[in-house]
K.L.:
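This is the structure, below, for whatever I ask next.
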Protein chains: 2
Amino acid sequence: MNTLSYGLLSLLSKDSRTGYELMQHIQPFWPAKHSQIYPLLAQLEQKGYVEFVHVVQSDKPDKKVYSLTEAGLKALQEWIGLPTDPPVTRDEFALKIYCIGLVNKEEALKMLVERASYYKGKKERFMESFEKVKGQSEKPLEELEFHDPMFANYVLVKKAMLKVDADLHWCEWMRSKLKS
Amino acid sequence: MNTLSYGLLSLLSKDSRTGYELMQHIQPFWPAKHSQIYPLLAQLEQKGYVEFVHVVQSDKPDKKVYSLTEAGLKALQEWIGLPTDPPVTRDEFALKIYCIGLVNKEEALKMLVERASYYKGKKERFMESFEKVKGQSEKPLEELEFHDPMFANYVLVKKAMLKVDADLHWCEWMRSKLKS
DNA sequence: AGTTGCATGTAAGAGGTTACATGATTTC
DNA sequence: GAAATCATGTAACCTCTTACATGCAACT
């Protein structure tokens with residue numbers, strides 16, 4: 001049982017989902033390809049932590065909808081209590097910035113503009129998620145209680161927004177540095 | 001040539017360093033163990049991108065001090081111009097927050113306090129780095145020019161600080177949410 | 001006396017990406 | 001007509017971690 005496996009259980013604790021959907025929704029927290037997820041789901045099923053039903057579709061390919069079992073829920077709860085690994089980030093851009101003096105200012109500025117627009121796109125998508133969460137919640141988001149199923153969605157979008165804002169802020173600050 | 005290999009060249013473009021030192025200094029941008037770095041250095045040497053001198057020490061183990069060659073510099077400059085991969089973060093804590101409603105408020109609060117103190121420690125270390133950079137620079141940091149060798153150190157510590165501040169801010173905001 | 005830091009390296013195994021394979025429907 | 005979306009799966013390959021191996025000096 002690796003972290004990604006527990007991550008899949010975590011998502012399944014809220015909704016039954018297909019492997020494809022799990023792959024899409026786990027990206028913000030733990031990027032993974034379908035080729036990694038499908039074998040893990042088979043393992044989780046063998047362990048009795050998840051179960052699935054075949055759903056036949058006419059317009060789209062047939063699918064397997066997975067759900068969490070009682071044993072899976074138990075395993076998930078135990079994992080939450082275990083020590084948590086610190087987040088790991090690998091940032092190629094930062095490595096390039098380290099030796100940015102090797103290129104001219106114009107090229108450096110071009111790189112920063114590109115990176116800033118990447119973060120702007122990311123921010124827009126988070127803002128859409130935020131609006132989506134707002135739409136799905138009955139209460140105003142600030143009033144959501146700990147046990148509300150929407151609580152986690154709200155606080156995690158908030159987390160993502162704070163981070164992307166910090167990244168964007170740094171990009172803009174860098175751009176002003178390079179223009180002068 | 002993978003990203004880590006270019007990262008090593010990037011560090012070597014500023015100072016000649018041992019594999020051990022490279023391992024220590026690349027952590028903030030691209031975490032890696034010595035067991036990954038030593039073989040890559042051997043590869044880089046075979047490609048002619050780096051060279052090393054044996055340095056015999058009496059009190060400590062002997063070491064190999066690597067430096068960038070002309071060919072290495074050229075490879076490094078070409079890499080900077082290539083498209084840059086987006087940063088990748090894997091965050092076990094976020095996966096746990098997603099299903100945090102499975103445990104009680106007290107346990108959740110405990111987890112957040114722990115995570116906040118982790119970020120506080122990180123912030124302190126970044127503030128030390130900041131002071132170190134300040135001490136090594138003749139000019140006030142805000143006046144550092146693009147081509148100053150200290151410029152990259154300054155802007156990268158700034159980047160790290162903005163990010164850790166965002167993380168800490170989220171932790172504290174979460175704590176206030178859970179106390180009410 | 002035991003741990004940490006310096007310093008290098010290899011081997012085995014786990015984790016993750018890319019490519020191959022299939023196939024219908026919808027959008028540009 | 002080409003690309004993207006849905007949907008599953010396997011195989012080969014690359015990346016990364018853990019463990020093994022050695023040894024001295026400094027600190028607790």
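Both backbone and side-chain heavy atoms feed into the values below; hydrogens, waters and symmetry mates do not.
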K.L.:
From the options D:dT8, D:dT15, C:dG16, select the nucleotide whose nearest atom is closest to the side chain of B:Gln36.
P.N.:
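That would be D:dT15.
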K.L.:
If you find the nucleotide of DNA chain D closest to A:Asp62 and the one closest to A:Ser35, which residue's nucleotide is nearer the 5' end?
P.N.:
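Between the two, 5'-proximity favours A:Asp62.
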K.L.:
I need the CD1-P distance between A:Ile37 and D:dT8, as an integer number of Å.
P.N.:
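Those two atoms, CD1 and P, are 11 Å apart.
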K.L.:
Across the strands shown, which category fits A:Glu21 at heavy-atom distances under 4.0 angstrom: base, sugar-phosphate, nothing?
P.N.:
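Nothing, no nucleic acid heavy atom in range.
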K.L.:
Rounded to the nearest angstrom, tell me the gap between atom CZ in B:Arg90 and atom P in C:dA14.
P.N.:
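Between P of C:dA14 and CZ of B:Arg90: 18 Å.
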K.L.:
Does a side-chain N or O from B:Trp30 land closer than 4.0 Å to OP1 or OP2 of D:dC16, or not?
P.N.:
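Yes, because at least one side-chain N or O of B:Trp30 sits under 4.0 Å from OP1 or OP2 of D:dC16.
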K.L.:
How would you list, by chain and number, every residue that makes a side-chain contact (heavy atoms from CB on, under 4.5 Å) with B:Ser16, sequence neighbours excluded?
P.N.:
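Checked B:Ser16 against side-chain contact (heavy atoms from CB on, under 4.5 Å); matches are B:Val65, B:Ser67.
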K.L.:
Whole Å only: how far is the CG atom of A:Leu8 from the C1' atom of C:dG16?
P.N.:
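After rounding, the reported distance stands at 14 Å.
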K.L.:
In terms of ring plane angle, is the pair B:Phe151 and B:Phe146 parallel, tilted or perpendicular, where the classes change at 30° and 60°?
P.N.:
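Perpendicular.
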K.L.:
Look at the side-chain N and O atoms of A:Gln24 and state whether any lies under 4.0 Å from the OP1 or OP2 oxygen of D:dA7.
P.N.:
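No, because none of the side-chain N or O atoms of A:Gln24 sits under 4.0 Å from OP1 or OP2 of D:dA7.
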K.L.:
By nearest heavy atom, map B:Val88 and B:Asp59 onto DNA chain C; which one lands nearer the 5' end?
P.N.:
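Upstream on the strand: B:Asp59.
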K.L.:
Nearest to the A:Lys64 side chain among D:dT8, C:dC6, C:dT8, which nucleotide is it?
P.N.:
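Comparing D:dT8, C:dC6, C:dT8 against the side chain of A:Lys64, the answer is D:dT8.
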K.L.:
Return the value, rounded to whole Å, for the distance between atom CG of A:Leu22 and atom P of D:dC6.
P.N.:
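A:Leu22 atom CG is separated from D:dC6 atom P by 14 Å.
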K.L.:
Judged by atom type as modelled, is there a donor-acceptor pair below 3.5 Å linking the side chain of B:Ser117 to the main-chain atoms of B:Glu114?
P.N.:
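Indeed, once roles are kept as given, a pair shorter than 3.5 Å links the two residues.
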K.L.:
What orientation do A:Trp173 and A:Trp170 show, parallel under 30°, tilted 30 to 60°, or perpendicular over 60°?
P.N.:
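Ring orientation of A:Trp173 relative to A:Trp170: tilted.
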K.L.:
Starting at CD of B:Glu92 and ending at P of C:dG15, how long is that distance when rounded to a whole Å?
P.N.:
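In whole Å, C:dG15 P and B:Glu92 CD are 12 Å from each other.
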K.L.:
Nearest of C:dT10, C:dT18, D:dC6 to any side-chain atom of A:Lys33?
P.N.:
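The answer is C:dT18, which lies nearest to the side chain.
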K.L.:
Take the protein atom CG of B:Leu4 and the nucleotide atom C1' of C:dG16, then report the distance between them rounded to whole Å.
P.N.:
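In whole Å, C:dG16 C1' lies 15 Å from B:Leu4 CG.
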K.L.:
Has B:Gln57 got a side-chain N or O lying under 4.0 Å from the OP1 or OP2 atom of C:dC6?
P.N.:
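No.
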K.L.:
Could B:Lys96 and A:Trp79 be counted as a cation-pi pair, given that NZ or CZ must be under 6.0 Å from the ring centre and within 45° of the axis?
P.N.:
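Ring-cation test returns yes.
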K.L.:
Is the shortest side-chain heavy-atom distance between B:Leu95 and A:Ile26 below 4.5 Å?
P.N.:
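Answer yes - side chains close enough.
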K.L.:
Roughly how far, to the nearest 0.5 Å, is the NE2 atom of B:His169 from the CG atom of A:Asp165?
P.N.:
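Here the rounded value is 11.0 Å.
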K.L.:
Could you state the NE2-C1' distance from A:His54 to D:dA7, rounded to the nearest angstrom?
P.N.:
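Going from NE2 in A:His54 over to C1' in D:dA7 covers 12 Å.
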K.L.:
Respond yes when some side-chain nitrogen or oxygen of A:Tyr38 is under 4.0 Å from OP1 or OP2 of D:dG9, and no when none is.
P.N.:
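The answer is no; no side-chain N or O of A:Tyr38 sits under 4.0 Å from OP1 or OP2.
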K.L.:
Round to the nearest Å and state the distance from B:Met23 atom CE to D:dC16 atom C1'.
P.N.:
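So the CE-C1' distance, B:Met23 to D:dC16, works out to 14 Å.
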K.L.:
Looking at the side chain of A:Tyr20, which of C:dT25, D:dC16, D:dT8 is the nearest nucleotide?
P.N.:
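Comparing C:dT25, D:dC16, D:dT8 against the side chain of A:Tyr20, the answer is D:dT8.
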K.L.:
Classify B:Lys60 by what it touches in the nucleic acid, base, sugar-phosphate, or nothing, heavy-atom distance under 4.0 Å.
P.N.:
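It contacts sugar-phosphate atoms only.
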K.L.:
If you pin B:Lys63 and B:Pro39 to their nearest nucleotides in DNA chain C, which one's is more 5'?
P.N.:
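First, find each residue's nearest nucleotide; the 5'-ward one identifies B:Lys63.
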K.L.:
Note the angle between the end axes of the helix from C:dA1-D:dT28 to C:dC28-D:dG1, five pairs defining each, rounded to 10 degrees.
P.N.:
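Angle reported: 50°, given to the nearest ten degrees.
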K.L.:
As an exercise, state the distance from CG of B:Leu44 to CE of B:Met1, rounded to the nearest 0.5 Å.
P.N.:
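B:Leu44 atom CG to B:Met1 atom CE measures 5.0 Å (nearest 0.5 Å).
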